[in-house]
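Heads up, the thing below is written out as C-alpha cells.
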Amino acid sequence: LNRMIILVTIIGFGVLLLDVIVEHWEVFDKEIMVYIPVLYCVLALILGGITVIKWKSKIIRTFQIVLFVSFIVSAAGLYFHLEEEDDDVNLTIEQKEHEESEKDKSPIAPLAFSGLAVFGLLGTSKKWKAEVIEEEMKNK
C-alpha cells in the first residue's frame with residue numbers, strides 16, 4: 001500500500017510537471033523563477049522512483065525531506081501568482097497584454113504541490129508501517 005501511494009504521488013508529480021511546462025511555456029525565456037517548479041518536479045520524480053524501487057529507511061527519509069520542500073515551493077508559487085506590479089505608468093501594448101495574461105494566473109495552481117506532499121507523506125509515515133520499518137522491527 002505504501003509503495004502504491006508513493007507511485008501515485010510520483011505520477012502526480014509527472015502530470016504536474018507537464019502542466020507547469022504547458023502553462024508557463026511562454027514565460028520560460030522571460031522569468032527565471034518559472035524553472036523552480038520544473039526542477040522540483042524532476043527531482044521529486046527521480047527520488048520518488050528510487051524510493052519505490054529501493055524502499056529503504058534512509059531513502060524514505062530523504063524523500064520525506066523533498067516532500068516537505070514541496071510546501072516551500074507551493075508557498076513561493078502562491079506568492080508569485082498573487083504578486084502584482086504597481087508600475088503601470090509607461091507600459092507598452094505588449095507589456096499590457098502580458099499583464100492581462102498574468103491576471104489569468106490561478107492562485108490555486110501552486111497548491112497542487114502541497115497536496116501531493118501531504119499524500120506522499122501519508123504513504124511514508126510510520127503510522128502506516130512501511131515494509132522496511134516492519135522488517136527493522138522484526139530484526140531487533
- Between Val118 and Phe71, is a side-chain contact (heavy atoms from CB on, under 4.5 Å) present by the stated rule, with each step listed? CA-CA 9 Å; Val118 168; Phe71 293 113; 3.9 Å; yes
- Is there a side-chain contact between Asn2 and Thr124 (heavy atoms, below 4.5 Å)? no
- Note on the structure: CD1 of Ile50 to NZ of Lys56, rounded to nearest 0.5 Å, is 13.0 Å
- Message: Using side-chain heavy atoms (C-beta onward) and a distance below 4.5 Å, is Phe113 in contact with Ile72?
- Response: no
- Message: For residues Tyr79 and Ile32: do they belong to one hydrophobic cluster (side chain heavy atoms under 4.5 Å, members Ile, Leu, Val, Met, Phe, Trp, Tyr)?
- Response: yes
Enumerate, atom names and distances included, each donor-acceptor pair closer than 3.5 Å involving a side-chain atom of residues 10-19, sequence neighbours excluded.
none

- Got a second to check how far Leu122's CG is from Leu1's CG, nearest 0.5 Å? 10.0 Å
- Query: Do Phe68 and Leu121 have side-chain heavy atoms sitting under 4.5 Å apart?
  - Reply: yes
Extract all donor-acceptor atom pairs below 3.5 Å that involve side chains of residues 33-46 and protein atoms in other chains or at least two apart in sequence.
| unit_1 | atom_1 | unit_2 | atom_2 | d |
| --- | --- | --- | --- | --- |
| Tyr35 | OH | Phe28 | O | 3.3 |
| Tyr40 | OH | Val66 | O | 2.5 |
| Tyr40 | OH | Ser70 | N | 3.4 |

- Item | In one Ile/Leu/Val/Met/Phe/Trp/Tyr side-chain cluster, 4.5 Å: Leu47, Ile65 | no
- Note on the structure: The reported gap from CZ in Arg61 to CG in Leu67 (rounded to nearest 0.5 angstrom) is 11.5 Å
- Note on the structure: dist Phe119:CZ -> Ile6:CD1 (nearest 0.5 Å) comes out at 8.5 Å
- Task: Pick out which of Leu7, Ile60, Thr9 makes a side-chain contact (heavy atoms from CB on, under 4.5 Å) with Thr51.
- Result: Ile60
- Quick one: closest heavy-atom pair of Ile59 and Lys54, and the distance? CD1-CB, 3.4 Å
- Task: Any pair with a residue in residues 111-123 that passes side chain to side chain donor-acceptor pair (under 3.5 Å), sequence neighbours left out, goes on the list, sorted by first then second residue, please.
- Result: Ser74-Ser114
